Amino acid sequence: MGIYYHSTRNKDKHYTASQAILKGLADDGGLFVPSQFPDMSDKLDQLAKMEYHQLCHTVVCSFFEEFKDDQEFKADVERAYQKFETTDAVQLKTFDNVCYMELYHGPTCAFKDFALSVLPYEIRAAKRNLGIEKEYAILTATSGDTGKAALEAFRGQEGFKIAVTYPKNGVSKIQQIQMNSTSESNTFVVGLEGNFDQCQTMVKEMFGQKYQNVEISSANSINIGRLIPQVAYYFWTYLQLQTQGKIAKGQKINFCVPTGNFGDILAGYIAKQMGLPVDKLVCASNKNNILTDFFNTGVYDKRREFYLTKSPSMDILISSNFERLLWFVSKDDAYVAKLMDDLKQNGLFKADELLPQMYDFVAGFASEEDTANEIKRVFDSQNYLIDTHTAVASHVAYKLDMPGFMVVLSTASPYKFCSAVLDALGTTPDPQDEFKVLDDLQTVSGTVAPQPLAMLKTAKEHHKNSGNVDQVKLLIKNFLENK
Ligand SMILES: *Cc1c(COP(=O)(O)O)cnc(C)c1O
């Protein structure tokens, strides 16, 4: 009954989990999906007794079966979550029938730590499994959060190098210092004189090339190894709420997810397929509301204006992981390949016939004004501080006012987006000095900034490189080849 992996665009070519993790993306451009979902519905009581890292290990090995007996992998997963602030990697804040699932207590204060902390160990387990000894280089284009989370996960890891490139004027000052202050010699950070799309295009081109003595892999959320560990926090949160008596055993609850690349919410969908009692998954978008439109009309149309918002990690028009949902509900690889081709050729696809099978999802969005108002509303009514991404989801959940219990995924520390949060609370942020803004936010909110962000004030920026496309490509190549 073993699980294998195949591309969303070709179900006939089978891969093992290890192969899928190491490849990242299928050769035909599709994303890897499991041949079936493991059933956990009769194991919930068992999972409820586990610590976070054990639960995560169990979920990951239920998909990546060849890792089950790998004791080193098991110890590594435990080690990965030791880098979090508390043993319970997830913190929950419940107000009546709404609970905020805080996913930002990892080393870089955003939820991407959950999957990226485990990814190096998955890659290492996959290499052991396939008997591969070559060094791997992780190449990542980032609009901010992924870059630092990947650097933090791979820095100092034997057998790995990591190079990160970001749009030089497109990330927040805090994010830039976070990345540039990474000191280990297996890390390289370089700013590109260009926007995020140009960063991504450049990295894709570099993937097509060969480098001496090193294989290239990706830490972006197209990798199945990044998606699966995220399933664990849905189980963890549900079972915690049940243990705390906030919900009844077996009660179906809703999750509202601030969505960009559709990875986080897809992990929730997978948890439901595995038997977790989930009712609706609410897909919350910012002003770039292409997914809201899709769920309402069945048409995915990216021929529209792209907005830079105060929730930048959700500023996305091509939600890569949505392709996986198209496969899960259609089970038709030729059809998915055609939709993706339509998107590439014509900038849109029409899949309204799939909407009835997407009944698990509800969609909504928040404007910039809605987002700021929601930060203030939650702070004034609950004395609780949320970031701009969380506010998008919180607003959508509040407006929908669905019956039952709602969990809002809280994806970043408010201190990662100090200026926008302070502004929303009614205090004008100092445009020149990020750390003054951080101090002001502490004063105004009566909360304390997380240590990894507060200490950036005195951090040394080790990486100072930047350049145009050709210069950046050469710098990265030289780093990868030890020149
Ligand atoms: C990446 C990110 C998101 C979006 O998650 P997806 O998995 O891409 O949908 C939301 N909030 C924050 C803070 C993020 O970093």
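Counting starts at 1 for both ligands and their atoms, in listed order. This is a predicted model, so every value here is computed, not measured.
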task: Run the salt-bridge test on Lys344 and Asp342 with the 4.0 Å N-O cut-off and return the result as yes or no.
output: no

- prompt: Any nitrogen or oxygen of Gln230, main chain or side chain, under 3.5 Å from a nitrogen or oxygen of ligand 1?
  reply: no

- prompt: Heavy-atom distance to atom 14 (C) of ligand 1: which of Lys112, His389, Arg226 wins?
  reply: Lys112

message: Can you tell me which residue among Tyr269, Phe328, Phe294, Phe322 is in a ring-ring contact (aromatic ring centres under 6.0 Å, His included) with Phe361?
response: Tyr269

- prompt: Do the ring centers of Tyr52 and Phe84 come within less than 6.0 Å of each other?
  reply: no

- line: Note: heavy atom closest to atom 11 (N) of ligand 1, options Leu266, Thr146, Thr411, belongs to Thr411

query: So, for Tyr238 and Ile253, which heavy atoms are closest and what is the spacing to 0.1 Å?
result: CD1-CD1, 3.6 Å

query: So is there a nitrogen or oxygen of Gly263 less than 3.5 Å from a nitrogen or oxygen in ligand 1?
result: yes

field: Closest candidate by heavy atom, reference atom 4 (C) of ligand 1, pool Gly260, Ser285, Ser311, Ala149
entry: Gly260

message: With respect to Asp145, determine whether any N or O atom, backbone or side chain, lies less than 3.5 Å from an N or O atom of ligand 1.
response: yes

Residue from Leu31, Leu354, Thr8, Asn321 passing side-chain contact (heavy atoms from CB on, under 4.5 Å) with Leu326: Leu354

message: I need the nearest protein heavy-atom contact for atom 7 (O) of ligand 1: residue, atom name and distance, please.
response: Asp264 N, 2.9 Å

task: For atom 3 (C) of ligand 1, grab the closest protein heavy atom and report residue, atom and distance to one decimal in Å.
output: Phe111 CE2, 3.6 Å

message: I'd like to check which ligand 1 atoms, numbered from 1 as shown, lie under 4.0 Å from a non-hydrogen atom of Pro258.
response: 4 (C), 10 (C)

message: Can you give me the closest heavy-atom contact between Leu409 and Tyr233, atom names plus distance?
response: CD2-CE1, 4.0 Å

message: Nearest non-hydrogen contact with atom 8 (O) of ligand 1 belongs to which option: Val392, Thr390, Asn261?
response: Asn261

query: Shortest non-hydrogen contact from Gly156 to Asn186?
result: N-OD1, 2.9 Å

statement: Under 4.0 Å from one or more heavy atoms of Ala412, ligand 1 contributes atoms 13 (C)

message: If the condition is side-chain hydrogen bond (donor to acceptor under 3.5 Å, both in side chains), which residues does Glu374 pass it with, not counting sequence neighbours?
response: Arg377, Ser394

field: Which of the ligand 1 atoms, numbered from 1, are nearer than 4.0 Å to a heavy atom of Thr259
entry: 9 (O)

- request: Record the part of Phe262 in heavy-atom contact with ligand 1 below 4.0 Å; permitted values are side chain, backbone, both and neither.
  value: backbone

task: Report yes if some heavy atom in the side chain of Met274 is under 4.5 Å from a heavy atom in the side chain of Leu276; otherwise report no.
output: no

